[in-house]
Amino acid sequence: MKPAKRRVIFVLAPGVHLLDLAGPVQTFDSANGCGCDYPLHFIGASPQVPSAVGLALTGFGPSIPANELDRNDLVIVPGVRWKGRTRSEVLAGSQREYLRIAHQSGATVGSVCSGAFGLGEAGLLDGRRCTTHWSCVKELQRRYPNAEVLENVLFVHDRGVTTSAGIASGIDLALSFVEQDHGPQMTARVARDLVVYFRRSGAHHQLNVFLDYRAHLHPGVHRVQDWLNEHPGEAAPLAKLASLAVMSESTLTRAFRANTGLTPLQYQQKVRLEMATTLMRDHRLTLEVIAERCGFADVRHFRRLWTTSFGQAPSHFRRATANGHQSKLRNGREWDEGKAKNSTADLHR
């Protein structure tokens with residue numbers, strides 16, 4: 001089922017950092033260009049809001065009443081210039097009230113950089129984990145002692161309130177919502193459009209093959225990765241992949257390894273295991289059916305690769321997911337990463 005559209009409302013304060021605003025705006029706009037549905041809205045305390053560099057922002061258009069928002073909507077407060085700031089409040093009283101009502105109505109409320117102070121002014125940080133720009137961490141903790149302010153993370157989601165660190169992390173924050181709404185393949189596509197590498201919060205260790213091998217700019221390798229992502233169950237002769245990349249087979253193999261650290265075959269196996277991870281949560285499917293759908297030669301081959309990559313048998317993972325512990329297995333890193341990294345030899349079999 002196609003996810004419902006998510007309206008994104010930016011609440012702008014005087015002294016707003018342009019990149020804090022433009023990063024998430026461009027991310028959601030690029031996602032719209034890829035087929036997503038993120039209507040963008042802007043709210044200022046006055047018809048004209050000066051930015052941190054003096055450029056005035058205006059032409060905001062009609063705002064959506066906060067009590068008309070729902071759980072599909074997102075409200076973001078971009079950061080403001082903080083150094084040398086004498087005024088204690090980031091947001092006007094009407095904007096703080098907008099955030100409170102929006103949150104009560106079910107919308108997710110977020111911030112970029114020092115925009116977290118605006119969330120604190122609205123009373124939304126108490127009892128929650130949050131973060132901000134590294135230079136503001138101590139001050140945020142001093143002002144809001146009932147909040148748990150985290151350092152060295154890019155963004156934090158906590159019960160309908162999302163905060164992110166400095167400036168460029170607003171892009172990571174926006175990409176995290178694209179992934180939540182549309183999955184990792186769409187997120188990788190948007191990240192490529194932005195020419196950025198999708199990062200995760202320092203507290204988030206989950207690996208994802210659709211995102212973790214895209215930190216390069218080689219168009220031929222990207223084309224091969226796109227095809228392998230979209231056709232995980234199909235045979236992928238090196239000659240076919242080389243044709244997609246418009247290279248010779250040997251040149252593709254060298255370029256692929258240089259840009260991803262893997263051979264095309266190793267990458268294909270990781271894509272298949274990623275697909276299998278999703279299918280394994282459907283306990284109506286047998287291992288034989290999963291192996292066939294993911295393109296493995298037989299179920300024994302699938303079992304061997306799974307165990308080598310994750311340090312546990314497929315049956316162990318299925319029992320854990322049946323008992324509701326799948327998040328612990330993935331995010332708690334009970335999987336053996338060392339074995340996963342050393343699975344190269346088996347991937348060639």
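Index from 1, following the sequence.
- Evaluated for a side chain to side chain contact (heavy atoms under 4.5 Å, CB included) with Ile171, the options Thr27, Val112, Val25 yield exactly one hit, Thr27.
- Classification of the Phe28-Tyr38 ring pair by plane angle, with boundaries at 30° and 60°, yields tilted.
- Residues Thr277 and Trp306 meet the side-chain proximity criterion, which asks for heavy atoms closer than 4.5 Å.
- Annotation: salt bridge (Lys or Arg N to Asp or Glu O under 4.0 Å) contacts of Asp226 (sequence neighbours excluded): Arg192, Arg214.
- We find that Glu139 and Arg143 are joined by a salt bridge, their nearest charged nitrogen and carboxylate oxygen being less than 4.0 Å apart.
- Contacts of Ala52 classified as side-chain contact (heavy atoms from CB on, under 4.5 Å), with partners at least two apart in sequence or in another chain: His17, Arg81.
- Between Phe296 and Phe302, the ring-plane angle classifies as tilted under the 30° and 60° cut-offs.
- Put simply, the side chain of Thr260 does not reach to within 4.5 Å of the side chain of Tyr267, judged on heavy atoms.
- Aromatic ring pairs are classed by plane angle as parallel below 30°, tilted from 30° to 60° and perpendicular above 60°; the pair His157 and Phe155 is tilted.
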* Asked: Between Phe310 and His316, is a side chain to side chain contact (heavy atoms under 4.5 Å, CB included) present by the stated rule, with each step listed?
  -> CA-CA 11 Å; Phe310 303 131; His316 182 95; over 6 Å; no

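- Counting only N and O atoms by type, the side chains of Gln26 and Ser30 include a donor and acceptor under 3.5 Å apart.
- Side chain of His231 to main chain of Glu234: no donor-acceptor pair is present (N/O by atom type, distance under 3.5 Å, no hydrogens or angles).
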